[in-house]
J.: 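What follows is a structure written as structure tokens; I'll ask about it next.
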Amino acid sequence: MKIAFVGKGGSGKTTLSSLFIRHLAASRVPVIAVDADINQHLGAALGLDEEAAAAIPAMGAHLPLIKDYLRGGNLRIASAETMIKTTPPGEGSRLLRVCEDNPVYDACARTVPLDDGCVRLMATGPFTESDLGVACYHSKVGAVELCLNHLVDGREEYVVVDMTAGSDSFASGMFTRFDMTFLVAEPTRKGIAVYRQYKEYARDFGVPLKVVGNKVQSPDDLEYLRSEVGEDLLVAVGHSDWVRAVEKGRQAPFAQLEGVNRTALERLHRTADASYERRDWERYTRQMVHFHLKNAESWGNAKTGADLAAQVDPSFVLLEGAATPQPA
């Protein structure tokens, strides 16, 4: 299951995504956590100290390796250099699975121990000095999108992505890569504005969206959210002494998280799990191809000097049980 956490900056999406990841790990569910926000905070939210969080490899720095591995023996892709962030898999492509070892995970993922298990953590990587003035954020998340395009995951396997703030994720097709999107919204006009913008963009693509109200301090806050988002409001979360202590660097057992907040996380888990029944791999593949052709025409063909439409394998559908060639 692929789950995204989105919301405006400061809404608490990283905190909520880290709590959900901890909940899944405590439930003994395999998890890959991905920090796709240029402001890299997920590692710290999962309990890593500053040095360990900074040591997580940047996926963008390993993009040539990622492309070369995923390309595999796909004859429609002339070279790894002609792959762009939206390149879809086809016959001969190598696919990624949550519960496996492969060169991509070896290079980009690190195991983070938690109270009741562990997760693999991957990160896009922050801007470097060499990026300033010459690169945009979306060039960094391209590695994440490419991996999601080649990922086949099952019901009890989770990839949880802490997305970039606001509506920036709509600059690519990555927002359609998820089985469920949790939008973290504060009970404020700005929080609701981001929800409405996301809802409008996502509507035409059938993106499942539920709102997680955060920083809800009163019945009036809750009523405000209900009146503005209606049935999209799934749960509301208030103040947490446990979270505040962890944010101060005082690590505490996850089992000590307040009962009301544990109940909220269980609701998120049930909702994410229920989305499995609505999976449509054919639509998923069509959307992947749709955004690839748009990007190819807009900039990809000119950048690579190749006709990237030729990379599309019309007979290929990404499926949960799809076979993948193994490295030689």
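Throughout, residue positions are numbered sequentially from 1 according to the sequence presented.
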J.: How long is the gap from NE2 on H292 to CE on M83, to the nearest 0.5 Å?
T.: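 So the gap between those two atoms works out to 9.0 Å.
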
J.: Can you tell me if E200 has over 12 outside heavy atoms packed within less than 6.0 Å of its CD?
T.: no

J.: Assign the ring pair F205 / F291 to parallel, tilted or perpendicular, where the plane angle (0 to 90°) is split at 30° and 60°.
T.: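 Correct class here is tilted.
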
J.: What is the distance from atom CG of L318 to atom CG of L151, rounded to the nearest 0.5 Å?
T.: 8.0 Å

J.: Linking I/L/V/M/F/W/Y whenever any side-chain heavy atoms sit under 4.5 Å apart, do L95 and M1 land together?
T.: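 L95 does not cluster with M1.
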
J.: Just by modelled atom types, is the K294 backbone N or O under 3.5 Å from a matching donor or acceptor in the S298 side chain?
T.: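 No: the side chain of S298 does not pair with the backbone of K294.
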
J.: Report the relative orientation of the aromatic rings in F20 and H269; use parallel for angles under 30°, tilted for 30 to 60°, perpendicular for over 60°.
T.: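 Correct class here is perpendicular.
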
J.: To the nearest 0.5 Å, how far apart are CD1 in I77 and OG1 in T82?
T.: 6.5 Å

J.: Decide yes or no for T86 and E145: does some side-chain heavy atom of the first lie under 4.5 Å from some side-chain heavy atom of the second?
T.: yes

J.: Before you tell me yes or no, could you show the steps for E156 and R28 under salt bridge (charged side-chain N to carboxylate O under 4.0 Å, His left out), namely the whole-Å CA-CA distance, both residues' side-chain angles and the distance that decides it to 0.1 Å?
T.: CA-CA 9 Å; E156 287 301 317; R28 302 299 179 181; over 6 Å; no

J.: With a 3.5 Å cut-off and sequence neighbours excluded, list the donor-acceptor pairs that the side chains of residues 44-58 form with protein atoms.
T.:
unit_1, atom_1, unit_2, atom_2, d
D49, OD1, E51, N, 3.2
D49, OD1, A52, N, 2.7

J.: Considering the options K210, K199, R226, which one meets the side chain to side chain donor-acceptor pair (under 3.5 Å) requirement together with D232?
T.: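 Testing D232 for a side chain to side chain donor-acceptor pair (under 3.5 Å) against K210, K199, R226 leaves exactly one candidate, K199.
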
J.: Can you check whether R189 reaches E228 side chain to side chain, under 4.5 Å on heavy atoms?
T.: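 In short, these two side chains do not touch, never coming nearer than 4.5 Å.
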
J.: Would you call E81-R71 a salt bridge at under 4.0 Å N-O?
T.: no

J.: Any salt bridge between D153 and R279, counting N to O under 4.0 Å?
T.: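 Looking at D153 and R279, the cut-off is met.
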
J.: How many angstroms lie between atom NZ of K2 and atom CD of E157, to the nearest 0.5 angstrom?
T.: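 Answer rounded to 0.5 Å: 10.0 Å.
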
J.: Are the aromatic rings of Y69 and H62 close, with centres under 6.0 Å apart?
T.: no

J.: Quick check on E223: does its CD atom have over 12 non-hydrogen neighbours (other residues, nucleotides or ligands) under 6.0 Å away?
T.: yes

J.: Is there a side-chain contact between F182 and K13 (heavy atoms, below 4.5 Å)?
T.: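 No, side chains not in contact.
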
J.: Is there a donor-acceptor pair under 3.5 Å between the side chain of D313 and the backbone N or O of E91?
T.: yes

J.: Any side-chain heavy atom of F175 within less than 4.5 Å of one from V6?
T.: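 Side chain of F175 against side chain of V6, heavy atoms only: no contact under 4.5 Å found.
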
J.: Which word best sums up how the rings of W281 and Y284 line up, parallel for under 30°, tilted for 30 to 60°, or perpendicular for over 60°?
T.: perpendicular

J.: For a quick test of your reading: what N or O donor-acceptor pairs under 3.5 Å do the side chains of residues 233-244 make, sequence neighbours left out?
T.:
unit_1, atom_1, unit_2, atom_2, d
H239, NE2, D241, OD1, 2.7
S240, OG, W242, N, 3.3
S240, OG, V243, N, 3.0
S240, OG, E258, OE1, 2.8
S240, OG, E258, OE2, 3.3
W242, NE1, P253, O, 2.9

J.: Evaluate whether atom CG of L75 has more than 12 neighbouring non-hydrogen atoms of other residues, nucleotides or ligands under 6.0 angstrom away.
T.: no

J.: For V194, does its backbone N or O pair with a side-chain atom of K8 as donor and acceptor, under 3.5 Å?
T.: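 Such a contact is absent between K8 side chain and V194 backbone.
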
